[in-house]
Amino acid sequence: EKSGYDHFMLKEIFQQDESIYEAMRGRINAAEGWVTVGGMQDHYNRIANAERFIIVACGTSWHAGMIAEYIFEELARIPVEVEYASEFRYRNPIIGPKDVVIALSQSGETADTLSALELAKEKGALIYGIVNNVGSSIARFTDCGSYIHAGPEIGVASTKAFTSQLVVLTLMALDLAHKRGTITKSHFQKLISEFELIPQKVKSVLSQAENIKSIASEIKSASNALYLGRGYNFPIALEGALKLKEISYIHAEGYPAAEMKHGPIALIDMYMPVIVIATNKNAYEKIFSNVQEVKARKGIVIAIVSEGDTEIKKIADFTIEIPHTEDVFSPLLSSIPLQLLAYYIAVMRGCNVDQPRNLAKSVTVE
Ligand code: M6R
């Protein structure tokens, strides 16, 4: 049931403080100083000593995988490749017993992802699943894995499953980093203490829905939109653009902010909304100058910034402030305003947000 919300998607967006907490529950305890991801235990040595992680997924789950690449490499120093399941399957990939293949899937029924796993298993890789639907085909096929415990996701556009996937992936990275000794004890402790605060911070992001709705009404008639982000926020730009495309049918593209000058800058004029995810503590100056470049061409800048930001706020047309956090956790906060923005724009345009045209909740054909 929609529990008083107009759409399942809105309900699922607003559940994220709880669903994120559910994904963490029993897996982290900052007071006692530990993180443990149960699904890794039976094959821990093989996972911790893997030569490579290969993440396979589609759509929004693939975006979660892109962020995980940054997180695993930064914290656990394990090389990661992220593949569209459909591409991986058809290009005779180099893969063997020293690789761990991580499948990300909300439904656990995505045909392309399942076929990629069949191939990887044949070649001897260990298969780890991060799935929402309990007992689904992918969950049954894997050697080991973790459920994300997001609860049923009904809206075709994935929202809460995405943030829960990120939580599980981050916990895996923290667990591995701690045990492999790739981060110091004090850094580990600092990170896990901050991680436990995320559900509370998500609540504070959600409390800005009215501001986001009013921004939506300013840009709802656009025909195109550009999303820009750097580092951990680059995949968030891709995901923000996908959400807008799927449910409002506005053409949107996500780009690494610095790539803008290599092409997409030609598109910018006074009719182009540019959504900049600018919460990065690292590279703040760089992203500030990207915003200046957009403004110099009269683009409409909607900036997602950290609370208390003054510089970008001065030049952006609209800003959405989110609580400070470690850069590595920022996607969990910065993705939410983009979900809400897409939602409100789609509703204002009269679109069927829960069941967008041409799309199905699980794609069971290759
Ligand atoms: O169930 P899965 O996570 O395997 O689904 C993957 C994609 O089909 C899915 O994320 C799709 O892109 C959604 N419509 C995104 O909102």
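In each ligand, atom 1 is the first atom listed, and ligand 1 is the first ligand listed.
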> Of the backbone atoms (N, CA, C, O) and the side-chain heavy atoms from C-beta on, which set of Lys243 has a member under 4.0 Å from an atom of ligand 1: side chain, backbone, both, or neither?
Replying inline: side chain

> How long is the gap from CD1 on Ile304 to CD on Glu321, to the nearest 0.5 Å?
Replying inline: 12.0 Å

> Which of the atoms in ligand 1, numbered in the order shown and given with their element, are less than 4.0 Å from a heavy-atom of Ala157?
Replying inline: 16 (O)

> Does the side chain to side chain donor-acceptor pair (under 3.5 Å) test come out yes or no for Glu239 and Ser335, once each step is laid out?
Replying inline: CA-CA 8 Å; Glu239 173 58 9; Ser335 56; over 6 Å; no

> To which of Glu109, Glu239, Glu246 does the heavy atom nearest atom 14 (N) of ligand 1 belong?
Replying inline: Glu246

> Taking non-hydrogen atoms only, is Thr110 closer than 4.0 angstrom to ligand 1 via side chain, backbone, both or neither?
Replying inline: side chain

>> Quick check on contacts: which atoms of ligand 1 are under 4.0 angstrom from a heavy atom of Ser61?
In response: 2 (P), 3 (O), 10 (O)

> Is the closest heavy-atom distance from Ser362 to ligand 1 below 4.0 Å?
Replying inline: no

> Do any nitrogen or oxygen atoms of Ser158 come within less than 3.5 Å of a nitrogen or oxygen of ligand 1?
Replying inline: yes

> Could you give the distance from OG (Ser136) to CD (Glu109), rounded to the nearest 0.5 Å?
Replying inline: 5.5 Å

> When only distance counts, is Ser107 in polar contact with ligand 1, meaning an N/O pair under 3.5 Å?
Replying inline: yes

> Which is it for Thr159 and Gln16 under the side chain to side chain donor-acceptor pair (under 3.5 Å) test, yes or no, and what are the steps along the way?
Replying inline: CA-CA 8 Å; Thr159 53; Gln16 286 175 108; 5.2 Å; no

>> Can you tell me how the ring of His7 sits relative to the ring of Tyr343, calling it parallel under 30°, perpendicular over 60° and tilted otherwise?
In response: perpendicular

> Below 3.5 angstrom, do we get any N/O pair linking Thr60 and ligand 1?
Replying inline: yes

> Which distance, rounded to the nearest 0.5 Å, do you find between the OG1 of Thr142 and the NZ of Lys121?
Replying inline: 7.5 Å

> From His187 NE2 over to Thr182 OG1, what is the distance, rounded to the nearest 0.5 angstrom?
Replying inline: 10.0 Å

> Do the ring planes of Phe195 and Phe329 sit parallel (below 30°), tilted (30 to 60°) or perpendicular (above 60°)?
Replying inline: parallel

> For atom 8 (O) of ligand 1, what's the nearest protein heavy atom and its distance?
Replying inline: Val363 CG2, 4.1 Å

>> Under a 4.0 angstrom heavy-atom cut-off, which atoms of ligand 1 come close to Gln106?
In response: 1 (O), 2 (P), 3 (O), 4 (O)

> Has Val156 got any heavy atom lying under 4.0 angstrom from an atom of ligand 1?
Replying inline: yes

> Taking only heavy atoms of Ser105, which atoms of ligand 1 are found under 4.0 Å from at least one of them?
Replying inline: 1 (O), 2 (P), 3 (O), 4 (O)

> With a 4.0 Å cut-off, would you call Lys2 and Asp6 a salt bridge?
Replying inline: no

> Which residue and non-hydrogen atom of the protein lie closest to atom 7 (C) of ligand 1, and at what distance in Å?
Replying inline: Cys58 O, 3.7 Å

